[in-house]
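Shown next, in structure tokens, is the structure this report addresses.
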Amino acid sequence: MKRLTTLLTIACIGLLSMTMVSCDPYDDYDVTSILHGTWHGSLGQYYVNIYGQDYAEWETEFRFNAYNDGSTSGEGIEIDYNPNSWQSYEYYDFTWEVANGNIYLDYYNGDRLVIRDYNLSDSWLSGRLETLDGYVVANLNLDRTSYWPWDSYYAKGTRATKDMHAGEKRNFNK
């Protein structure tokens, strides 16, 4: 009887360990549906590293638009700007994809970045923005927003070419 009890205990422990396997609480489709929308924040030292010391106070807006409800990819826009002077900005179009727990950004100017080790909720996105080879470009700390003032300045739907707002290729390894 003692041996049967021991075997049952071992079997129960084995079954419980299989049900407690750690996994990502979101799959790529869930991440896409949460990511879809507009995000605002600051990328810290990124602006100084990329544009120079005069850009230390800049902020960023990201807009992620999924291709459709069942998609894990879409198109997006990154706008880096001076909040005190709306005429001072950098505008970058990109395509994006959620895959294998990362968010890949392929910019029309040739930049290729990835958001790794991110935390995402309906109200915030944080993580590391890196080049594909692992150089950390910035730490993301973005809040969801519904405010998107750029439509009045940029007629995205009426652009003559897709890369009109591609922006210049950035040197991330300064």
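Computed over heavy atoms, backbone and side chain alike; hydrogens, waters and symmetry mates excluded. None of the values given here were measured: they were computed from a predicted structure.
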- Message: Can you classify the ring geometry of Tyr92 versus Tyr51 as parallel (below 30°), tilted (30 to 60°) or perpendicular (above 60°)?
- Response: parallel
- Query: With respect to Tyr104, which candidate in Asn102, Asp106, Asn100 satisfies the side chain to side chain donor-acceptor pair (under 3.5 Å) definition?
  - Reply: Asn102
- Query: Can you check whether Leu129 reaches Val136 side chain to side chain, under 4.5 Å on heavy atoms?
  - Reply: no
- Looking only at heavy atoms, what is the nearest atom pair of Ala66 and His36, with distance? N-ND1, 2.9 Å
- Just wondering, are more than 12 heavy atoms of other shown residues or ligands nearer than 6.0 Å to OH in Tyr29? no
- Item | Interatomic spacing from CZ in Phe62 to CH2 in Trp96 - rounded to 0.5 Å | 12.5 Å
- Rounded to the nearest 0.5 angstrom, the OG-CH2 distance for Ser123 and Trp39 is 7.0 Å
- Item | Candidate list Asn82, Asp54, Asp80, Thr60, test side chain to side chain donor-acceptor pair (under 3.5 Å), partner Tyr47, passing option | Thr60
- Message: Side chains of Arg128 and Ile115, heavy atoms from C-beta outward: is any pair under 4.5 Å?
- Response: no
- Task: Report whether Val31 and Val114 are members of the same hydrophobic cluster (ILVMFWY, side-chain heavy atoms less than 4.5 Å apart, transitive linking).
- Result: no
- Note on the structure: dist Asp93:CG -> Ile79:CD1 (nearest 0.5 Å) comes out at 8.5 Å
- Message: How long is the straight-line distance from CG of Leu125 back to CG of Asn141, given to the nearest 0.5 Å?
- Response: 8.5 Å
- Message: Which residues pass the side-chain contact (heavy atoms from CB on, under 4.5 Å) test with Thr145, not counting sequence neighbours?
- Response: Thr38, His40, Glu61, Tyr147
- Query: Should Arg144 and Ile34 count as side-chain neighbours, where that means a heavy-atom distance under 4.5 Å?
  - Reply: yes
- Item | Chi angles and distances behind the side-chain contact (heavy atoms from CB on, under 4.5 Å) call for Ser126, Trp124 | CA-CA 7 Å; Ser126 65; Trp124 49 264; 4.0 Å; yes
- Do the side chains of Leu140 and Tyr46 get nearer than 4.5 Å, heavy atoms only? no
- CG-CZ distance between Leu105 and Phe94, expressed to the nearest 0.5 angstrom: 5.0 Å
- Message: For Asp111, give me all partners under salt bridge (Lys or Arg N to Asp or Glu O under 4.0 Å), at least two apart in sequence or on another chain.
- Response: Lys169, Arg170
- Message: Taking atom CG as the centre, does Asn119 end up with more than 12 heavy-atom neighbours from other residues, nucleotides or ligands that are less than 6.0 angstrom away?
- Response: yes
- Quick one: CZ on Arg112 to CD on Glu130, what's the gap to the nearest 0.5 Å? 14.0 Å
- Item | Partner set under side-chain contact (heavy atoms from CB on, under 4.5 Å) for Ser33, not counting sequence neighbours | none
- Query: Going by atom types only, do Tyr67 and Glu97 share a side-chain donor-acceptor pair under 3.5 Å?
  - Reply: no
- Task: Decide if the gap between the ring center of Tyr89 and the ring center of Tyr81 is smaller than 6.0 angstrom.
- Result: no
- Message: Quick one, Val137 with Thr131, criterion side-chain contact (heavy atoms from CB on, under 4.5 Å). Give me CA distance, side-chain angles, the key distance, then yes/no.
- Response: CA-CA 7 Å; Val137 172; Thr131 60; 3.9 Å; yes
- Query: What's the verdict on side chain to side chain donor-acceptor pair (under 3.5 Å) for Glu78 and Tyr107, showing C-alpha distance, side-chain angles and the deciding distance?
  - Reply: CA-CA 9 Å; Glu78 172 190 345; Tyr107 290 82; 2.6 Å; yes
- Joint cluster assignment, Ile50 & Leu43, ILVMFWY side-chain distance < 4.5 Å: yes
